[in-house]
Structure formats: structure tokens, C-alpha cells
Amino acid sequence: MKNILVISSSLRAGSNSEALAKEFARGAADAGHRVELVTLGGKEIRFCTGCLSCQKTHKCVIIDDAAVIARKMHGADVIAFATPVYYYEMSGQLKTMLDRSNPLYLSDYHFRDIYMMTSAAEEGDYVPERAVAGLTGWIDCFEKARLAGTVFAGGVSAPHDIEGHPSMKNAYEMGRNIK
């Protein structure tokens, strides 16, 4: 049994990317894993100031919800991120959270497998490429971690558009197949 943390970064009610996160979490729970879903909506997450104090202390000097989420990331065996794609990139909320996870960089973090789920109004396979590349840049800083899988839901714009979309099954199966 693995400790799985799913982080949803959409701030919109009825979010399509959050629906993917929930399906991934359901699949992982059905496979017998411990799963926690955290949504960034309603959280106070301030910008990194670049002071680098965290490199020595493994803690951020900014006291807000990002510090709590980063501690959860540290203890997770698997992390899954879900984000809407805005202007061919991950949401600003997710990027800010990744920046604020800098205390993990020199720590003895547990996570190995990282997953990403994205949704967008546009449908082309190329749409999530930059968002995935942005996450891959973060993963590359953690030598023991790897991108283990992605799911993209294109053609979903309005809240709840994703209902019945094939990506929902893909997200569930990706969570269910975690070993």
C-alpha cells in the first residue's frame, strides 16, 4: 500500500481537471492505497521570495498553506497533479505551489512516481505539452522521482463538460494501476 497525494489546482467549481483528480484518487483507493486529495482552491499560497532559507532548514519562512502541502508532498510515495491548461501551460496556482515546494529539494523526500492530469478547451494532442514540460522541469530537480504517467482531456471548457469523456476512465485506470 502506498501513500498517494493528489493535488488539484483548479479554482473553479465543477472543474474538469478536478474531476480527473477525483477519478485518479478513486482508482488508487480502489487498488488499496491510502489517498489524500488536496485542492488549492481556498488555500493561501503566497509567492516564493527566493530567500533560499529552506535550503538549510528544509522549511519555508513563509507561514501559509503551501508549507503544509509541501510537508504532505514530502511524505507521499506518489504525487499526482491536476491542472487546467491556460495559454498552453499549467495553472499559475500549480506553478506557485511547485515553486513553494523548494524545501523538499535537499530533503530525504519519499516520492518517486509523479503523475499529471490536464484539461483544456482545445483538443489537440500538443495542447498539454508545455504544462507537462513545466512539471518535468520540476521533476528533473528530484533525482529519485520520475514522470510515471499523464492523462489529457481536450475539448472540455465549461464546468462538468468532462462527464462521459474517455479521459475519466484513463485517469481512473492510471490511479488503479499504481504498483
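Keep in mind that the numbers below use all heavy atoms, side chains included, and drop hydrogens, waters and symmetry copies. For the single chain, residues carry numbers from 1 onward in sequence order.
- The side chain to side chain donor-acceptor pair (under 3.5 Å) test applied to Asp65 returns no partner, not counting sequence neighbours.
- Of all the heavy atoms in Ala82 and Ala21, the pair that sits closest is CB-CB, 3.7 Å.
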- Begin from the C-alpha positions of Met73 and Leu104 and carry the test side chain to side chain contact (heavy atoms under 4.5 Å, CB included) through to its verdict. CA-CA 8 Å; Met73 291 169 68; Leu104 304 176; 3.8 Å; yes

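- Taking the ring pair (Phe, Tyr, Trp, His ring centres under 6.0 Å) definition, one finds that Phe111 meets it with Tyr109, Trp138, Phe142, sequence neighbours left out.
- Under the 4.0 Å criterion applied to side-chain N and carboxylate O atoms, Arg100 and Asp64 are assigned as salt-bridge partners.
- Minimum heavy-atom separation, Cys54 to Pro103: CB-CG, 3.6 Å.
- Note that CZ of Arg46 and CD1 of Ile63 are 8.5 Å apart. Values are rounded to the nearest 0.5 Å.
- Checking side-chain atoms of Thr96 against main-chain N and O of Gln93 turns up no donor-acceptor pair under 3.5 Å.
- Heavy atoms of other residues, nucleotides or ligands lying less than 6.0 angstrom from CD of Glu143 number 12 at most.
- At a threshold of 4.5 Å between non-hydrogen side-chain atoms, the residues Thr118 and Pro84 do not count as touching.
- Across every non-hydrogen atom of Ala158 and Asn16, the tightest pair is O-ND2, 3.0 Å.
- Listed by first then second residue, pairs satisfying side-chain hydrogen bond (donor to acceptor under 3.5 Å, both in side chains) with a partner in residues 2-11 read Asn3-Arg34, Ser8-Glu18, Ser9-Thr83, Ser9-Ser91, Ser10-Ser15, not counting sequence neighbours.
- Connectivity analysis of hydrophobic side chains (ILVMFWY, heavy atoms under 4.5 Å, direct or indirect) links Tyr88 to Val85, Tyr126, Val127, Phe152.
- Note on Met90: it clusters hydrophobically with Val38, by side-chain heavy-atom contacts below 4.5 Å among ILVMFWY residues.
- For the atom pair CG of Leu52 and CG of Leu106, the computed distance is 10.0 Å after rounding to the nearest 0.5 Å.
- Residues passing the side chain to side chain donor-acceptor pair (under 3.5 Å) test with Arg176, sequence neighbours excluded: none.
- Applying the salt bridge (charged side-chain N to carboxylate O under 4.0 Å, His left out) test to residues at least two apart or on different chains, the pairs with a partner in residues 68-79 are Glu36-Lys72.
- In this structure, the separation between NZ on Lys43 and CE on Met97 is 11.0 Å, given to the nearest 0.5 Å.
- Met116 pairs with exactly one of Ile139, Ile79, Leu135 by the side-chain contact (heavy atoms from CB on, under 4.5 Å) rule, that one being Leu135.
- To the nearest 0.5 angstrom, Asp99 atom CG is 11.0 Å from Thr49 atom OG1.
- Legend: residues meeting side-chain contact (heavy atoms from CB on, under 4.5 Å) with Glu163, ordered by chain and number and at least two apart, are His160.
- In the hydrophobic clustering, where aliphatic and aromatic side chains (Ile, Leu, Val, Met, Phe, Trp, Tyr) are joined below 4.5 Å either directly or transitively, Tyr86 groups with Tyr87.
- The hydrophobic cluster analysis finds Met1 isolated: no Ile, Leu, Val, Met, Phe, Trp or Tyr side chain comes under 4.5 Å of it, directly or through other members.
- Within the structure, the salt bridge (charged side-chain N to carboxylate O under 4.0 Å, His left out) test picks out no pair touching residues 117-132 (sequence neighbours left out).
- Here the side chains of Asp113 and Arg146 are in contact, with some heavy-atom distance below 4.5 Å.
- Among residue pairs with one or both ends in residues 43-77, those qualifying as ring-ring contact (aromatic ring centres under 6.0 Å, His included) are His74-His110; sequence neighbours excluded.
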- Task: For Asp108 and Lys144, run salt bridge (Lys or Arg N to Asp or Glu O under 4.0 Å): C-alpha distance rounded to whole Å, both residues' side-chain angles, the deciding distance at 0.1 Å, then the answer.
- Result: CA-CA 10 Å; Asp108 187 21; Lys144 298 181 279 184; 3.2 Å; yes

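- Counting heavy atoms from C-beta outward, Glu23 and Asn170 have side chains that stay 4.5 Å or more apart.
- Clustering of Ile, Leu, Val, Met, Phe, Trp and Tyr side chains at separations under 4.5 Å places Ile4 together with Val6, Leu20, Phe24, Val35, Leu37, Val78, Tyr115, Met117, Val151, Val156, Ile162, Met168, Met174, Ile178.
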